[in-house]
Amino acid sequence: MPSKNTICLWFNNDAVDAANFYAETFPDSAVQAIHRAPGDYPAGKQGNVLTVEFTVAGIPCLGLNGGPAFQHNEAFSFQIATDDQAETDRLWNAIVSNGGQESACGWCKDRWGISWQITPRALIAAIGDPDRAAAKRAFDAMMTVGKIDIAAIEAARRG
């Protein structure tokens, strides 16, 4: 039974590739079902993959092979909280090395144009520090990097 609330992501006929990549890369992720079109539609023909049901880090998603009409942008992103530098590096590198691109402040984009925030829990704690001067130092350090370096954030937090 599908979830009551599912994120629908539009793809240009490569939803299966994206879903498989996410399932292989992120914990608690899987491809549940692939549905083929029962008839022709604007972006495809009967028998083509129309939708893919999958989860990303426990979040239910539907990949729709809708064609090239709509592109992803940074107004939507997945934020993945990481526990340490090794997990941060692994996820960031998986996205970027698979045709993605780096951005700033822990953001990167996968080859399908989906934006990801690979966010260490240490960063969240640092910018939420009740010592607002420590939080600002950590925030300022975050603003200078692409992939988050936890040691650098913690050093900035300490001053």
Side-chain angles (χ1 to χ4, degrees), residues 2-3 5-35 41-44 48-128 135-154 156-157:
S3 176
N5 185 13
T6 300
I7 294 170
C8 182
L9 299 170
W10 187 287
F11 292 93
N12 186 13
N13 300 316
D14 50 7
V16 172
D17 292 340
N20 284 330
F21 173 75
Y22 303 148
E24 293 166 4
T25 303
F26 297 96
D28 194 20
S29 301
V31 175
Q32 283 83 26
I34 297 172
H35 303 283
Y41 60 106
N48 288 0
V49 173
L50 179 62
T51 61
V52 181
E53 294 177 39
F54 60 99
T55 55
V56 175
I59 297 173
C61 298
L62 180 76
L64 170 66
N65 278 330
F70 300 108
Q71 302 296 310
H72 299 285
N73 65 49
E74 291 79 3
F76 172 87
S77 65
F78 284 99
Q79 183 181 55
I80 305 294
T82 57
D83 293 323
D84 56 30
Q85 192 66 51
E87 184 181 21
T88 301
D89 293 347
R90 184 183 72 75
L91 295 177
W92 177 278
N93 294 338
I95 291 168
V96 171
S97 69
N98 187 39
Q101 62 187 50
E102 297 185 13
S103 190
C105 307
W107 289 66
C108 57
K109 191 178 289 188
D110 68 28
R111 72 178 177 162
W112 299 279
I114 305 279
S115 291
W116 296 84
Q117 298 175 61
I118 307 302
T119 309
R121 294 179 195 280
L123 173 64
I124 297 166
I127 63 176
K136 175 141 180 15
R137 289 190 303 271
F139 181 81
D140 290 346
M142 175 198 70
M143 295 297 292
T144 67
V145 299
K147 178 176 61 177
I148 301 299
D149 178 335
I150 295 171
I153 296 297
E154 290 176 343
R157 183 181 187 184

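Sequence positions, counted from 1, serve as the residue numbers for this chain. Just so we're clear, the structure is a prediction, and the values are computed from it rather than from any experiment.
Between L50 atom CG and L64 atom CG the span is 6.0 Å, to the nearest 0.5 Å. Remark: Q117 CD to L91 CG distance equals 13.5 Å, nearest 0.5 Å. Note that the OG1 atom of T119 and the CH2 atom of W92 stand 10.0 Å from one another [nearest 0.5 Å]. The line from CD of Q79 to OG of S115 is 12.5 Å long, rounded to the nearest 0.5 Å. Taken from CD1 in I59 to OG1 in T55, the straight-line distance is 9.5 Å, to the nearest 0.5 Å. The distance from atom CZ of R121 to atom CG of D83, rounded to the nearest 0.5 Å, is 4.5 Å.
Pairs passing the side chain to side chain donor-acceptor pair (under 3.5 Å) check and including a residue from residues 57-75, sequence neighbours excluded, read E74-K109.
Residue V31 comes nearest to F54 through the heavy atom pair CA-CB, 4.0 Å, listed as atom of the first residue, atom of the second, then distance. Taking all atoms of both residues into account, the shortest heavy-atom contact from T6 to L62 is CG2-N, 3.6 Å. When all heavy atoms are compared, the tightest approach of D140 to T144 is O-CG2, 3.4 Å. Of all non-hydrogen atoms in A151 and Q85, the two that sit nearest each other are N-OE1, 4.5 Å. Annotation for G66 and A43: closest pair O-CB, 3.2 Å, computed over non-hydrogen atoms. Taking all atoms of both residues into account, the shortest heavy-atom contact from S29 to V56 is OG-CA, 3.4 Å.
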**OP:** Starting from the C-alpha separation in whole Å, work towards a yes-or-no answer on side chain to side chain contact (heavy atoms under 4.5 Å, CB included) for I114 and L9.
**Re:** CA-CA 9 Å; I114 305 279; L9 299 170; 3.9 Å; yes
**OP:** Could you check C105 against M143 for side chain to side chain contact (heavy atoms under 4.5 Å, CB included), going step by step and ending with a plain yes or no?
**Re:** CA-CA 5 Å; C105 307; M143 295 297 292; 3.7 Å; yes
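Counting only N and O atoms by type, the side chains of T88 and T82 include a donor and acceptor under 3.5 Å apart.
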Distance-only donor-acceptor pairs under 3.5 Å for side chains of residues 13-24, two or more places apart:
from : atom 1 : to   : atom 2 : distance (Å)
D14  : OD2    : W112 : NE1    : 3.3
N20  : ND2    : V16  : O      : 3.3
Y22  : OH     : D110 : OD2    : 2.6

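Checking each of F26, W116, W107 against F78 for a ring-ring contact (aromatic ring centres under 6.0 Å, His included) leaves exactly one that passes, namely W116.
Other residues, nucleotides and ligands place no more than 12 heavy atoms under 6.0 Å from the CZ atom of F139.
In this structure, P60 and I7 have side chains that are not in contact, with every pair of non-hydrogen atoms separated by 4.5 Å or more. A heavy-atom distance below 4.5 Å is not found between the side chains of V52 and H35.
A distance-only check finds a donor-acceptor pair linking the side chain of R90 to the backbone of T25 [under 3.5 Å]. The main-chain N or O of A156 is found under 3.5 Å from a side-chain atom of R137 such that the two form a donor-acceptor pair. In this structure, N93 contributes its side chain and D89 its backbone to a donor-acceptor pair below 3.5 Å.
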